[in-house]
Number of protein chains: 2
Amino acid sequence: MNTQFKKGVLDLCVLNQLVREDRYGYELTELISKELEVTAGTLYLILKRIKDDGYVTTYLQESDSGPARKYYHLTEKGRDYLQKQKAEWLEFLEKAGKLLA
Amino acid sequence: MNTQFKKGVLDLCVLNQLVREDRYGYELTELISKELEVTAGTLYLILKRIKDDGYVTTYLQESDSGPARKYYHLTEKGRDYLQKQKAEWLEFLEKAGKLLA
DNA sequence: ACATACTATTATGTATTGCAATATAGTAAA
DNA sequence: TTTACTATATTGCAATACATAATAGTATGT
């Protein structure tokens, strides 16, 4: 899969998985990987980024089967950002679509 | 406009403008700029890249009003590449769409 | 004890775009 | 004729985001 296509969109895909419920990193890796080819390393970098940017907060939680999980929770700022970026993405698709028609 | 969204797609937009007719660099800059924010520098890098990759050939032609124009012509290889990449782009959009729904 | 699955992290490399500057040839204006 | 502006092409450096690969810790099953 063309690596470049994902640039800028993966963030949104991750954030979008957090709209309804908090999720932990490994879980997100699997969710995203079902559709797009992404490695754990890439995912965790994104998670670090969106945390540094204040779009998510995190907390640890014990697990029955394995190491503790770090859960990611979408903040209001993150919700706003996601909404605006999704709109911008759709706008971009429309314009690019004209050039690719 | 989110810079990252364009990664990998600008190539296709440029190549797609060459399907029906040869065009010169400056002309392409204007065509693309009508829809997407791109600077000349970026466009010319793309043109250099797709030439190095053998997707286009070039030739100079005098102009009535200004310096000679460098025209870009789509090769068979370029046509194939464009077709495949467009398909891959659509496939990517479908998958990303699921994650963004 | 060992392999395996689950979970998280980090270092280094690569590709693409942004920004800004340079350069040259005409044309219009002062 | 000097100036300025438009048309055209090119290049260098910085910033960003993804890929790859390696590391590490915990629990479970054999």
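Naming convention: chains lettered A, B, ... in sequence-line order (proteins, then strands); numbering from 1 in each chain. Note that the structure is a prediction, hence the values are computed from the model and not measured.
Put simply, B/Y26 has no side-chain N or O that comes within less than 4.0 Å of OP1 or OP2 on D/dA9. Within the structure, a side-chain polar atom (N or O) of A/Y24 is placed less than 4.0 Å from OP1 or OP2 of C/dT7. Phosphate proximity of C/dG18 to B/K6: present, with a side-chain N or O under 4.0 Å from OP1 or OP2. Using a 4.0 Å cut-off, some side-chain N or O of B/T42 falls inside it from OP1 or OP2 of C/dG18. The phosphate of C/dT17 (OP1 or OP2) has a side-chain N or O of B/R49 nearer than 4.0 angstrom. Contact annotation: B/Y44 side-chain N/O to D/dT11 OP1/OP2 distance is not under 4.0 Å. At D/dT10, one or more side-chain N or O atoms of B/K70 fall inside 4.0 Å of OP1 or OP2 (strictly under the cut-off).
B/G25 comes within 4.0 angstrom of sugar-phosphate atoms only, judged by non-hydrogen atoms across all strands, and of no base. Within 4.0 Å (heavy atoms only), B/L47 reaches no atom of the nucleic acid at all. B/K7 comes within 4.0 angstrom of a nucleotide base, judged by non-hydrogen atoms across all strands. Within 4.0 Å of A/T39, counting heavy atoms only, lies at least one base atom of the nucleic acid.
In this structure, the CG atom of B/N2 is 12 Å from the P atom of D/dT16, given to the nearest Å. Rounded to an integer number of Å, the gap from B/D11 CG to C/dA15 P is 13 Å. Rounded to an integer number of Å, the gap from CZ of B/R69 to P of D/dT10 is 15 Å. The separation between B/L43 atom CG and D/dT8 atom C1' is 13 Å, rounded to whole Å. Here C/dA20 presents its C1' atom at 13 Å from CG of B/L45, a figure rounded to the nearest Å. Residue B/L10 contributes atom CG, which lies 18 Å from atom P of D/dT16 at whole-angstrom precision. Here the P atom of nucleotide D/dA17 and the CZ atom of B/F5 are 11 Å apart, to the nearest Å. The CD atom of B/E30 sits 7 Å away from the P atom of D/dA7 (whole-angstrom rounding).
Side chains of B/Y59 and B/D22: a donor on one and an acceptor on the other come within 3.5 Å.
Ranking D/dT16, C/dC6, C/dT24 by closeness to the B/P67 side chain, first place goes to C/dT24. Listed nucleotides: C/dG18, C/dA8, D/dA9. Nearest to the side chain of B/V38: C/dG18. With C/dT7, D/dT11, D/dT10 as the choices, the nucleotide that has an atom nearest any side-chain atom of B/Y72 turns out to be D/dT10.
Within 6.0 Å of the CD atom in B/Q61, the count of heavy atoms belonging to other residues, nucleotides or ligands exceeds 12.
Comparing A/E37 and B/A68 against DNA chain D, the residue whose closest nucleotide sits nearer the 5' end is B/A68. A residue-by-residue look at A/S63 and A/V9 shows that A/V9 has its nearest nucleotide of DNA chain D further toward the 5' end.
Between A/K34 and A/E30 no salt bridge is recorded (no basic side-chain N to carboxylate O distance below 4.0 Å).
Between A/F92 and B/W89, the angle of the ring planes goes over 60°, which puts this pair in the perpendicular group of the 30/60° scheme.
In the hydrophobic clustering of ILVMFWY residues, with side-chain heavy atoms under 4.5 Å counting as a link, B/L45 and B/I32 come out apart.
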Worksheet item: Does the side chain to side chain contact (heavy atoms under 4.5 Å, CB included) test come out yes or no for A/N16 and A/K86, once each step is laid out?
Response: CA-CA 9 Å; A/N16 206 56; A/K86 272 171 82 170; 3.1 Å; yes

